[in-house]
Amino acid sequence: MIHFEQQSLSQRLHLDMPLCFGLLVLCGLGLMILYSAGGEDIGILIRQATRMAVAFVLMFLVAQLSPAVIERWSLWIFLTGIAMLVVVLWVGHVGKGAQRWLDVGFFRFQPSELMKLAVPMVIAWYLSHKTLPPNIGNTFIVGLMIIIPVGLIAKQPDLGTSLLVAIAGLAVLFISGMRWKLIMAFAALCSLCAPILWHFMHDYQKRRVLTLFDPEQDPLGAGYHIIQSMIAIGSGGIYGKGWLNGTQSHLEFLPERSTDFIFAVYCEEFGLMGVLLLLSIYLFIVARGLYIAMNAQQTYGKLLAAALTLTFFVYVFVNMGMVIGQLPVVGVPLPLISHGGTSMVTLMLAFGILMSIQTHRRILSD
Amino acid sequence: MGLKFTLKDIQEETRLVRFRVYTAAVIIILLVMVLVGRLFYLQVIQHDHFTTLSQGNRVKVLPIPPIRGLIFTRDDVLVADNQPSFSLELIPEQIESLDKTIDQLSRLIDIDEESINRFKKLRQGKRRFESIPLKFKLSEDEIARFSVEQHKFPGVEVIARPYRHYPEKSGLVHVLGYVGRIDENDLQKIDVSDYLGTTHIGKLGVEKAYENILHGHVGHQQVEVNAQGRIIRVLERTPPEPGQNIHLTLDRSLQIAAVNIMSGKRGSIVAIDPENGDILALVSSPAYDPNPFVNGIDSKSYKALLDARDTPLINRALNGKYPPGSTIKPFMGIAALTTGVREASDTTWCKGWYSLKGHSHRYRDWKKGGHGHVDLNYAIMQSCDVYFYTLAHDLGITRLNKALTNFGFGLKTGIDIGGESTALVPSIDWKRRALNQPWYPGETLIAGIGQGFVLATPLQLATATAALANHGKRVIPRLVYKTSNPISGESTTLPLATPNYVSDYKKKYWDYIIQAMEDVVHGARGTARRSGANAAYTFAGKTGTAQVIAMGQDEKYDKDNVPEHLRDHALFIAFAPVEAPKIALAIVVENGGGGSSTAAPIGRQLLDHYLLDESGNLK
């Protein structure tokens with residue numbers, strides 16, 4: 001291992017400055033809109049800022065680990081996650097009700113969140129040891145690595161998270177060069193499975209999907225979220241009503257305005273211009289993530305960095321799509337903007353991995 | 001694993017991953033464009049639509065009901081006002097346990113089961129922070145008892161709301177009517193938008209007829225509400241326009257005097273100013289207290305009023321149909337002179353009865369031995385029936401009908417509050433239509449003395465009397481002459497309705513008939529001479545005693561042997577002073593006995609009351 005003398009500060013701190021910049025701007029914007037959405041409650045703001053600080057520290061710590069260490073831990077993290085999911089299901093069975101949390105005395109832990117990272121990690125680990133693109137046998141094994149945790153999470157039941165975990169896994173497969181023929185076959189299989197899936201869905205889940213197509217059919221029930229959200233967004237117009245001036249949110253017409261529907265508050269107060277700014281920041285982060293993936297030296301790093309970045313974008317897209325009424329209402333928070341801690345920690349850990357991949361590049365001398 | 005598998009083509013894999021990352025980037029760009037496209041649609045193209053929806057969410061328009069106009073008598077006595085009524089109201093949001101609170105309250109204040117049920121029903125449609133009444137019309141004692149303990153009842157308040165109140169109680173009910181809760185029928189007739197927030201509407205009398213003046217116009221406030229409907233702030237306020245006050249033509253003092261005179265009697269008194277038709281007093285007895293009707297009278301009390309034998313709910317002044325009896329004679333007299341059927345000096349021989357040629361039936365005079373030779377003046381003064389039988393026979397029913405109709409008998413008077421009956425002046429046509437029978441000559445005879453089919457309301461009698469006093473000008477009676485703005489105090493006098501004219505009769509005929517009526521009260525042999533004695537002014541009158549049952553040919557009417565409800569009605573019409581009439585009145589006392597003994601003294605009393613001051617001099 002040869003280190004050059006002229007290492008930059010960011011290299012030594014293992015922080016990727018462009019990514020850090022994007023994340024900080026996003027968090028700043030997030031705090032600003034949360035102040036408005038949370039009813040100008042300074043307490044919420046402080047708690048959220050604290051979580052952000054904790055998440056940044058975790059990101060920083062993860063970034064110190066070399067990708068090789070992360071790669072070595074991948075399988076164990078995955079297996080631990082599976083074990084915890086089983087425990088959660090068992091506890092839930094005993095407690096008779098939906099159970100997502102594992103109470104470890106001083107803090108509560110959601111194993112399904114961990115799987116958002118563990119699944120792409122283990123698949124990247126597995127595939128990086130095989131030739132790319134993966135053959136059918138490997139693809140099948142990867143499929144099992146996805147289906148087992150996804151099935152366990154879906155059984156909690158937490159359909160939203162299980163889908164996101166599946167997407168994270170599939171993202172690795174996609175980046176690894178899974179053949180288009182296989183992708184098409186998989187897509188066909190999924191569309192065939194859809195009616196079966198529908199059959200196993202809970203009533204409230206079905207209602208959410210149906211509401212998407214016709215929110216007016218139940219304007220005070222399932223459609224209420226979507227209708228109020230679209231009113232908030234539409235009435236925002238090009239320039240918005242101004243910070244703290246959103247009537248839909250401040251007069252409490254908009255439900256879950258500080259969590260899943262915070263994007264509607266943002267749209268109402270900052271208009272289309274604000275939305276374009278926000279999308280630009282997200283795209284900047286995504287672009288940086290993909291850049292890191294392409295420049296990663298190891299296959300593991302390439303696959304994981306790209307998959308985590310794509311998953312990050314999927315979160316953004318699913319949340320926004322839901323808020324603007326194009327996707328069913330699934331509980332996906334808007335990354336780094338929505339109020340809440342668990343998803344933020346997961347996200348920042350992912351960015352910690354990205355930074356680790358970017359800053360631990362070994363420059364080999366000729 | 002074999003060694004050959006570990007020899008990976010690093011460059012090829014890098015190229016593959018790079019290509020896939022580019023593909024992903026393209027997909028990301030496409031998805032972002034979908035998002036932006038949708039946001040553009042919502043925020044730019046549909047912006048106006050959603051702005052409207054957002055405003056609709058946020059802004060609610062709440063009505064502010066106007067304050068109903070007050071009603072005063074001519075002498076500015078308040079007879080219909082808006083009094084605060086105190087109700088006990090609960091705000092569920094601020095109360096921990098409603099049942100417990102109601103239970104504790106019922107120890108302080110008498111709360112019946114019905115109130116609790118109504119409270120629960122009202123609660124269903126309301127938000128948690130809205131105040132809901134538990135008990136209406138708290139007594140002062142109850143308010144006092146609650147006030148002492150109020151600190152123990154967070155979320156319980158005593159709220160004052162204005163309610164219509166009629167301080168004269170039954171004294172003016174047949175004039176004022178009353179207001180009641182708006183019902184289905186009312187909703188059909190009103191502009192609902194002007195009644196938002198208003199709970200009551202005029203149901204009867206002046207309250208109903210002048211509803212559009214008394215009501216005023218609704219105001220609005222635009223308020224910003226949150227998703228729970230709680231008012232955050234008032235954005236804009238258009239104050240309501242209060243209803244106009246109304247000033248009655250009634251002279252309160254005369255009205256109360258008339259009410260007192262009639263107390264315990266059944267009948268009606270209508271007094272009007274012949275000059276303009278202003279009604280000075282309007283009494284229908286018995287009456288009832290309108291106050292319980294305002295918030296809905298209980299069915300038991302209502303049924304009692306409805307079933308009462310003396311029918312207090314009926315407005316006898318407007319709807320009581322009485323045979324006018326001999327009070328019709330002055331009008332017959334005018335007809336006699338103006339048609340030329342009689343000269344004033346023509347006399348008729350009264351032998352105590354009259355028979356049609358070829359018939360044996362005797363139409364009897366009230367005076368058994370007869371009046372001898374009577375001219376028109378004597379016939380009116382002495383109320384000679386035979387004179388008027390003969391006259392009616394000579395006029396015939398058609399001319400008789402026209403003569404009476406000219407004075408407004410059988411027609412609506414056009415009183416401003418409406419709701420009056422036309423009563424009846426019979427005709428050959430009418431009888432054929434209504435009864436499918438031919439007209440018999442004998443029926444003309446009894447019509448000539450105001451019996452048989454002839455019916456008149458006290459209001460018609462009073463206006464016809466005023467027309468006599470006016471030498472033919474038939475004024476339209478009215479109860480309201482002025483409105484005033486409660487804020488500026490500025491008043492508007494209502495225009496007089498154009499009067500009708502009986503006909504262009506010669507003055508000497510009017511003078512003759514009026515002289516005869518003067519002789520009724522002031523003449524030595526007038527039927528009401530006792531009532532006319534020692535008057536400080538001259539007045540003209542005519543008594544009437546209307547039979548309720550037909551007497552057999554040889555029966556003698558004996559007051560003491562006839563059941564009360566079959567006794568004769570006592571009537572009296574009069575106006576005074578003769579030279580410049582200021583008041584014309586009609587009095588009907590049901591089953592009161594004789595017109596001269598019962599009704600005429602009442603007339604004198606009321607004329608004195610109206611025309612004289614305290615020391616007995618003409619005002």
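These figures come from a predicted structure and were not determined experimentally. Protein chains get the first letters and strands the later ones, always in sequence-line order, with residue 1 at the start of each.
For the options B/T14, B/I28, B/L16, heavy-atom pairs under 4.5 Å to chain A are most numerous at B/I28. Note: A/C267 leads A/A293, A/C267, A/G240 in heavy-atom pairs under 4.5 Å with chain B. Contact count against chain A (heavy-atom pairs under 4.5 Å) is highest for B/L35 among B/L35, B/V36, B/V44. Comparing B/L31, B/V32, B/V34 by heavy-atom pairs within less than 4.5 Å of chain A, the highest count is held by B/L31. Ranked by heavy-atom pairs under 4.5 Å with chain B, the first of A/G237, A/P133, A/S176, A/A232 is A/G237. Among A/I233, A/T247, A/L283, the residue with the largest count of heavy-atom pairs under 4.5 Å with chain B is A/I233.
Checked by atom type, the side-chain pair A/K241/A/S235 shows a donor-acceptor distance below 3.5 Å. Residues A/H250 and A/E268 have side chains that never bring a donor and an acceptor to within less than 3.5 angstrom of each other. Under the 3.5 Å distance criterion, with hydrogens and angles disregarded, no donor-acceptor pair is assigned to the side chains of A/Q298 and A/S128.
For B/F40, the parts lying under 4.5 angstrom from a heavy atom of chain A are both the backbone and the side chain. Residue A/V286 touches chain B through its side chain alone, counting heavy-atom pairs closer than 4.5 Å. Proximity to chain B is limited to the side chain of A/F263, based on heavy atoms less than 4.5 angstrom apart. Contacts between A/L279 and chain B at a heavy-atom distance below 4.5 Å involve the side chain alone, from C-beta outward.
Between A/R288 and A/D16, the shortest heavy-atom contact is NH2-OD1, 2.5 Å.
Aromatic rings of A/F174 and A/W180 (six-membered ring for Trp) have centroids within the 6.0 Å cut-off, being under it. Under the 6.0 Å cut-off for aromatic ring centres, A/Y239 and A/F270 do not qualify, their centroids lying 6.0 Å or more apart.
Note that CD of B/E13 and OG1 of A/T299 are 4.5 Å apart. Values are rounded to the nearest 0.5 Å. In this structure, the separation between CD1 on B/I143 and CZ on B/F86 is 5.0 Å, given to the nearest 0.5 Å.
Using a 4.5 Å heavy-atom cut-off against chain B, the contacting residues of residues 301-310 of chain A are A/K302, A/L303, A/A306, A/L310.
At distances below 3.5 Å, at least one donor-acceptor pair connects side-chain atoms of A/S338 with backbone N or O atoms of A/T259.
The side chain to side chain donor-acceptor pair (under 3.5 Å) search around B/D183 returns B/K203, not counting sequence neighbours.
Looking only at side-chain heavy atoms (C-beta outward), B/D99 and B/D103 stay at 4.5 Å or farther from each other.
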